[in-house]
2 protein chains.
Amino acid sequence: MQLSNSSKYAIRILAYMADQKDSKLMNATELAEALYIPYKFLTKIMTELVKVGLVVSIRGREGGYKFEKKTSEIMVSDILDIFNDSIKDEQCVLGIGFCNGLCKCALHDQWMEPKLLLQKMFRESSLEDIAGRGCKI
Amino acid sequence: MQLSNSSKYAIRILAYMADQKDSKLMNATELAEALYIPYKFLTKIMTELVKVGLVVSIRGREGGYKFEKKTSEIMVSDILDIFNDSIKDEQCVLGIGFCNGLCKCALHDQWMEPKLLLQKMFRESSLEDIAGRGCKI
DNA sequence: TATAATTACTACTTAAAGGTAGAATTAATC
DNA sequence: GATTAATTCTACCTTTAAGTAGTAATTATA
């Protein structure tokens with residue numbers, strides 16, 4: 001596809017958090033162990049999510065992370081944007097060559113179709129959609 | 001998406017070659033200049049394409065490259081395979097988590113659709129399809 | 001107030017992809 | 001056979017993503 005590990009981890013983390021029944025504070029150790037993400041790498045990612053305003057961090061003892069926004073308002077594309085993984089450029093999906101509106105390779109139009117589908121999903125699928133199907137991702 | 005540069009370059013090179021009216025030998029210098037690909041990197045890629053049997057190289061003076069197979073028989077997926085860029089794994093398109101047939105995230109099925117579309121194109125679009133629309137890619 | 005538990009920050013290391021250099025090999029042509 | 005134009009091979013350099021380490025800052029609780 002390929003998304004960066006940061007994007008994938010971030011989606012896993014946030015979907016996992018969204019899936020928790022009680023919206024208690026979750027700490028880094030807990031998340032890292034539950035999701036098999038290296039602890040230090042996880043905290044790095046969490047800091048990004050805090051900076052961008054998706055989650056809030058409470059520092060110090062008994063601290064942890066919780067959502068800043070409602071999970072139904074956080075779209076997959078918001079998360080991908082953070083790590084520059086969105087597919088929002090004007091070029092054809094594969095980015096093979098020099099295609100543009102005027103001059104395009106023969107596959108350009110065909111590739112537009114799945115591209116648009118993916119973009120649509122990225123924009124329209126919220127964390128709430130991803131989480132809570134009896135399956136931890 | 002993102003394909004490796006090697007894959008993208010390879011598709012550009014082969015599509016360009018397929019677009020040439022006369023199937024003359026094309027040399028590395030010519031291709032590199034026409035397609036804005038670093039000469040040395042291009043030759044590295046060409047060597048891969050030779051090894052895998054898509055093109056033949058004629059060494060020495062007046063040498064160059066030409067197709068081994070008919071361009072209508074070379075699929076985009078063949079090229080992606082060489083550089084391990086195909087999306088043929090069993091996981092969901094994003095490869096976010098631990099989805100599989102039994103346990104899958106809520107987006108798994110949605111993502112299957114564009115994934116299958118892309119795979120279909122990769123398999124069914126030949127070099128002949130890509131080339132020859134009055135537009136060099 | 002001391003301690004333990006927690007996130008944040010800064011900087012480093014590692015691995016992989018992308019790209020480059022130069023010499024070796026091959027073969028047409030003079 | 002020598003020269004020259006081409007590909008091929010081996011090895012190296014550079015850049016970026018991924019991951020690690022150590023320490024500072026913060027805060028609840030005993």
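Residue numbering restarts at 1 for every chain, and letters A, B, ... go by the order of the sequence lines.
Under the salt bridge (charged side-chain N to carboxylate O under 4.0 Å, His left out) criterion, A:E30 pairs with A:K24, sequence neighbours left out. Legend: residues meeting side chain to side chain donor-acceptor pair (under 3.5 Å) with A:E124, ordered by chain and number and at least two apart, are A:K120. The ring pair (Phe, Tyr, Trp, His ring centres under 6.0 Å) search around B:Y39 returns none, not counting sequence neighbours.
Using a 4.0 Å heavy-atom criterion, one finds that A:S57 contacts the sugar-phosphate atoms exclusively.
Projected onto DNA chain D by closest heavy-atom contact, B:Y65 and A:E62 fall at different nucleotides, the more 5' of which corresponds to B:Y65.
Contact check for B:I58 versus B:V56: side-chain heavy atoms found under the 4.5 Å cut-off.
Separating the CE atom of B:M26 from the C1' atom of D:dA5 is a distance of 17 Å, rounded to the nearest angstrom. Atom pair A:N27:CG and D:dT27:C1' shows a separation of 14 Å (rounding to whole Å applied). Per the geometry, NZ belonging to A:K8 stands 15 Å off P belonging to D:dA17, to the nearest Å.
Listed by first and then second residue, the ring-ring contact (aromatic ring centres under 6.0 Å, His included) pairs that reach into residues 47-84 of chain B come to none, sequence neighbours excluded.
For the atom pair CD1 of A:I79 and CG of A:L54, the computed distance is 6.5 Å after rounding to the nearest 0.5 Å.
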Protein-proximity profile, nucleotides 18-25 of chain D, B/S/- by nucleotide at the 4.0 Å heavy-atom cutoff, equals SBBBBB-B
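Think of the region where chain B sits on DNA chain C: with heavy atoms and a 4.0 Å cut, that region ends 5' and 3' at C:dG18 to C:dA28.
Distances from the side chain of B:K51 to the nucleotides D:dT8, D:dT29, D:dC9 place D:dC9 closest.
Hydrophobic clustering, with ILVMFWY side chains joined whenever heavy atoms are under 4.5 angstrom apart, groups B:I45 together with B:V52.
When all heavy atoms are compared, the tightest approach of A:R12 to A:Y36 is NH2-O, 4.0 Å.
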